[in-house]
Amino acid sequence: GESVGLHLPTLSVQEGDNSIINCAYSNSASDYFIWYKQESGKGPQFIIDIRSNMDKRQGQRVTVLLNKTVKHLSLQIAATQPGDSAVYFCAESNQAGTALIFGKGTTLSVSS
Amino acid sequence: DAGVTQSPTHLIKTRGQQVTLRCSPKSGHDTVSWYQQALGQEPQFIFQYYEEEERQRGNFPDRFSGHQFPNYSSELNVNALLLGDSALYLCASSRGLNTEAFFGQGTRLTVV
């Protein structure tokens, strides 16, 4: 699978590979983190969230990892599909339901 | 169950004009937030409304104002439009605190 250690604006993978998208957040007081997927011309779509009292959460084909020590968040997508091609944003807030601070997006391109 | 709906989808205005954008939250949601997303950038938080009051505000000038109605729908008003106000305006709704925010498709505003 393809992975990156630091945030990169683009990530290209082959269909079926695992993808890892990284995000560094800024506020050590942030308590809630969320990943969104945004396709061209559409609004951000919720993927998965995690609270600061957890370090890992799994969804369907996706896993979010939180490392509070280094203020790092990652999104792992298993068996990446062409339909996963989009811009992915991480976001943080002091509490779920309050103002979200978005990180720079990563454009994921999946080739078949 | 309709998700977050925004109107209009596209809008063209002239510099100096005023614009009103509308948002209906997801059923059961009572909190509405507005974000501005410039082309190729991440969304930026404008403000959040809960119980018809502005609860949080981001770093936007007073030209940006809003309102929330008793049915939880919301409007975003921008006065004295500038070319730099051209962006995708996103509305997100949530059910109080400690729940995830869901986004609408956005209103694409072009100022000429």
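Here is the naming used below: chain letters follow the sequence lines, and residue numbers restart at 1 for every chain. Everything numeric in this text was worked out from a predicted model, so none of it was measured.
Across all their heavy atoms, B:Phe103 and A:Pro44 have their closest contact at CB-O, 3.3 Å.
For B:Asn59, the CG atom is loosely surrounded, since the number of other residues' heavy atoms within 6.0 Å does not exceed 12. Surrounding CG of B:Leu39 are at most 12 heavy atoms belonging to other residues, nucleotides or ligands under 6.0 Å away. Annotation: A:Arg61, atom CZ; neighbour count of heavy atoms from other residues, nucleotides and ligands within 6.0 Å is above 12. Within 6.0 Å of the CD1 atom in B:Ile12, the count of heavy atoms belonging to other residues, nucleotides or ligands does not exceed 12. Around atom NZ of A:Lys68, more than 12 heavy atoms belonging to other residues, nucleotides or ligands sit under 6.0 Å away.
Under the 4.5 Å side-chain heavy-atom criterion for grouping Ile, Leu, Val, Met, Phe, Trp and Tyr, A:Ile77 is connected to A:Ile47 within one hydrophobic cluster. Hydrophobic clustering (side-chain heavy atoms under 4.5 Å, transitive across Ile, Leu, Val, Met, Phe, Trp, Tyr) groups B:Leu83 together with B:Phe60. If you chain together hydrophobic residues whose side chains sit under 4.5 Å apart, B:Tyr49 and B:Val19 fall into the same group. When the side chains of ILVMFWY residues are joined at heavy-atom separations under 4.5 Å, either directly or via intervening members, A:Val87 and A:Phe46 end up in a single hydrophobic cluster. Under the 4.5 Å side-chain contact rule for hydrophobic residues, A:Leu65 and A:Ile21 do not share a cluster.
Between the side chain of B:Gln56 and the backbone N or O of A:Ala99 there is at least one donor-acceptor pair closer than 3.5 Å.
In this structure, chain A has no heavy atom under 4.5 Å from any part of B:Ile46. Interface residue B:Gln105: backbone and side-chain heavy atoms are both found under 4.5 Å from chain A. Only the side chain of A:Gln38 comes within contact range of chain B, with at least one heavy atom under 4.5 Å from a heavy atom of that chain. Proximity to chain A (any heavy atom under 4.5 Å) is shown, for B:Phe47, by neither the backbone nor the side chain.
A:Tyr36 places none of its side-chain heavy atoms less than 4.5 Å from the side chain of B:Glu42.
Listed in order of number, the residues of residues 100-112 of chain A that approach chain B to under 4.5 Å between heavy atoms are A:Leu100, A:Phe102, A:Gly103, A:Lys104.
Between chain A and the residues B:Arg108, B:Gln6, B:Gln37, B:Gln41, the largest count of heavy-atom pairs under 4.5 Å involves B:Gln37.
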A:Gln45/B:Phe102 under side-chain contact (heavy atoms from CB on, under 4.5 Å): CA gap, chis, key distance, verdict: CA-CA 7 Å; A:Gln45 176 188 353; B:Phe102 291 89; over 6 Å; no

